[in-house]
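Notes follow the structure.
Letters A, B, ... mirror the listed sequences (proteins, then strands); counts begin at 1. These numbers come from a predicted model, not from an experiment.
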Amino acid sequence: MATTETIPAATPPPAADPVPAPTSARQRRVIQDKPARVDRWFDRVTLASGLFVLVLLVLVGFFLLQRSRRAIGGIGIIDFLTTEGWRTDVSPPEIGVLGLLTGTVIVAMIAIVIAVPLGTVSALFITEYASIQSRKYLTALVDLLAAIPSLIFGLWGFLALSGQLSSLAEWIGTHFGWIPIFEISKDANLTNSMFIAGVVVALMVVPIIASVAREVFAQTPPGEKEAALALGSTRWGMIRSVVLPYGKGGIIGGSMLGLGRALGETIAVSLLLPQVPALVYRILENGGSTVSGFIVLRAGADPFTTSGLMAAGLVLFVVTLVTNSLASVVVARSRSGAGVDL
Amino acid sequence: MTDADSPIASAPVAPAPVAPAPVASAPVASYIPGSATANGANGANGAAEHRAPVTLTGGPPPGAATLRSVDLCAWFGDRLVLEDVNLLMPAGQVTALIGPSGCGKSTFIRMLNRMHELVPSASLAGEVLLDGADIYGAGVRAQEIRMRIGMVFQKPNPFPAMTIRENVLAGLKLARIKCSDKDTLVEQSLARAGLWREVKDRLHSPGGALSGGQQQRLCIARSLAVHPNVLLMDEPCSALDPTSTARIEETIGELRDDVTIVIVTHNMQQAHRVSDLCAFFLAAENQPGRVVEFGPTEKIFTEPDDPRTLQYVQGRFG
Ligand SMILES: Nc1ncnc2c1ncn2[C@@H]1O[C@H](COP(=O)(O)OP(=O)(O)O)[C@@H](O)[C@H]1O
Ligand SMILES: [Mg+2]
């Protein structure tokens with residue numbers, strides 16, 4: 001916190017405004033410091049590892065660009081971005097990333113919509129409502145769950161929940177079918193839908209969000225919580241006005257981390273969806289595809305297809321980079337993400 | 001809330017006859033009695049303290065309240081830290097709590113508005129009577145008590161993400177109190193806390209960007225905005241420079257008719273200057289804290305009954 005007091009004029013009471021000295025004429029000094037050897041080394045090491053990550057990122061991008069030249073060159077960048085299907089049996093081939101990308105985004109959205117509230121609420125329960133004794137155990141439990149590979153949750157969701165989720169999908173479709181995305185046609189196949197995939201991905205993400213959010217919530221300055229309570233706030237009011245604003249960065253960061261991990265678990269998602277690239281908006285019905293899942297299924301095909309997959313990967317790479325950068329801006333602006341003391 | 005209808009705070013009084021610039025440090029000027037006009041209270045004839053016609057619905061009942069502790073004891077876990085505290089803190093007066101560190105002053109003051117119970121291991125015995133009613137009685141809501149008995153903490157704790165204005169109004173929002181005229185309430189609360197002139201041109205900048213002394217006065221304004229009956233202050237000046245301390249002491253002087261004040265302080269001169277009554281707490285080694293002596297401040301500081309009190313107020317002990 002900025003605690004520097006405006007320094008009172010040194011002159012006694014009749015504090016006549018001292019005429020400010022003309023500052024323009026003053027030569028500003030360049031401030032120099034001679035850092036200790038450890039600090040110099042620390043600087044170098046951190047700089048080097050930062051650069052390394054950056055170089056790696058550029059190399060990956062470059063590699064993808066190189067490998068996808070053939071497909072993009074053949075199709076044209078605009079066509080590649082706007083073609084929804086993926087047909088290599090026709091000539092010239094019609095391949096594109098639109099269907100895959102929308103599938104990815106829709107599955108991610110469904111997962112976020114389910115997982116963020118769930119993870120946040122469990123974190124709040126642990127930090128704000130659970131008793132001291134149970135808090136320890138619950139924390140350990142959530143951290144443990146977050147450490148389990150997402151794939152396990154994915155498989156479990158796939159094997160154990162698909163049936164129930166289809167019934168749930170049917171119920172949603174019957175009652176909320178008037179909302180376009182929930183529409184289902186008669187006798188539609190409700191398995192392997194983006195809805196089910198989204199729920200399973202949400203399951204994989206919840207422990208990660210809960211774990212990160214719990215850690216951030218636990219760091220809320222106690223002074224601010226007491227300030228809210230001392231004003232006559234309810235516990236919920238205190239959470240809404242102090243804990244959640246403080247932990248916003250943690251929630252977003254945790255969601256991104258979790259999503260990245262979950263969508264990266266390509267096998268889980270590739271199992272869950274038919275992976276037929278097309279523009280599908282009815283999330284409850286069979287259908288849908290994601291970039292990573294599709295790449296896994298088609299890997300090792302003919303050179304042209306492989307190049308097309310690389311291009312799809314490149315698009316995913318760019319999209320992920322942009323989302324994560326946006327997220328990190330939000331995180332950095334929030335208080336738990338960085339000290340924004342003014 | 002039912003008080004006089006004189007529109008003091010909103011009246012077009014020529015603001016601030018002294019110290020034209022809203023500088024953070026205008027300590028000397030603000031001691032001139034007339035300057036209190038800008039602070040919403042008519043300091044020239046101190047009897048006429050007005051509340052602007054801001055109506056709060058759902059807030060505390062109007063006026064200062066009497067607070068009394070009866071045989072109050074406190075534990076953390078199994079450890080008794082405070083024993084049999086009986087103090088009467090009369091309405092509209094300033095009671096100072098003094099004593100060496102660790103003797104239980106903070107624990108005591110936190111029991112007065114039910115903040116003590118927020119510490120998981122904490123427990124207590126005895127009663128705290130707010131205008132005669134036990135605040136720990138069956139069916140009493142802690143929230144309501146905390147709304148009626150405000151608190152200012154040792155470390156200034158404004159909500160850093162909120163603007164100055166939002167900070168002042170935070171209590172209304174949190175305690176679901178309705179207000180007829182928020183602008184006036186903001187001005188009036190800030191003026192009562194002695195901060196209005198310094199911040200009136202930047203009400204929409206963040207509360208965390210103020211200096212430490214200003215932050216503390218913002219916290220006072222925030223507490224005052226809900227019109228509490230009692231204001232508890234736990235070492236409110238211990239992190240502040242002398243100038244800000246003087247401003248806060250002045251604020252306490254102006255508030256005393258509207259609200260009962262209980263203040264913990266390590267500064268003997270401050271206790272002497274601001275309080276009407278004074279309680280000296282002391283804890284012998286491995287013993288719970290007790291009140292050694294309680295009485296009019298003048299007596300405590302000049303001719304206390306207990307020799308330990310004299311030693312302490314003269315700075316020879318603790
Ligand atoms: N949260 C707590 N848990 C356990 N012991 C505490 C806690 N807070 C205070 N104490 C103990 O209670 C005693 C009184 O502390 P406190 O009321 O803070 O004293 P003071 O404000 O007079 O310096 C001290 O011995 C302190 O160690
Ligand atoms: Mg203390």
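- Here B:Leu118 contributes atom CG and A:Met238 contributes atom CE; the two are 8.0 Å apart, rounded to the nearest 0.5 Å.
- In this structure, B:Glu144 places its CD atom where only 12 or fewer heavy-atom neighbours from other residues, nucleotides or ligands lie under 6.0 Å away.
- At most 12 non-hydrogen atoms from other residues, nucleotides or ligands lie less than 6.0 angstrom from CZ of A:Arg240.
- Environment of OH in A:Tyr137: sparse, with no more than 12 heavy atoms of neighbouring residues, nucleotides or ligands closer than 6.0 Å.
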All N/O donor-acceptor pairs, side-chain side in residues 160-175 of chain B, below 3.5 Å, sequence neighbours left out:
| unit_1 | atom_1 | unit_2 | atom_2 | d |
| --- | --- | --- | --- | --- |
| B:Thr163 | OG1 | B:Glu166 | N | 3.1 |
| B:Arg165 | NH1 | B:Asp183 | OD1 | 2.6 |
| B:Glu166 | OE1 | B:Thr163 | N | 2.9 |
| B:Asn167 | OD1 | B:Phe159 | N | 2.8 |
| B:Asn167 | ND2 | B:Phe159 | O | 3.0 |
| B:Asn167 | ND2 | B:Met162 | O | 3.3 |
| B:Asn167 | ND2 | B:Thr163 | O | 3.2 |

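- The pair A:Glu226-B:Lys155 does not count as a salt bridge, with every side-chain nitrogen at least 4.0 angstrom from each carboxylate oxygen.
- Highest contact tally toward chain B, considering only A:Ser241, A:Gly223, A:Ala227, A:Gly237, is held by A:Ala227 [criterion: heavy-atom pairs under 4.5 Å].
- Between A:Glu224 and B:Pro158 the shortest heavy-atom distance is CG-O, 4.0 Å.
- Your options are B:Arg114, B:Met115, B:Arg141, and the one with the most heavy-atom pairs under 4.5 Å with chain A is B:Met115.
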Pair A:Leu231-B:Met147, side chain to side chain contact (heavy atoms under 4.5 Å, CB included): steps then yes or no: CA-CA 5 Å; A:Leu231 285 167; B:Met147 183 176 79; over 6 Å; no
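- In this structure, the side chains of B:Arg146 and A:Leu229 come closer than 4.5 Å at one or more pairs of heavy atoms.
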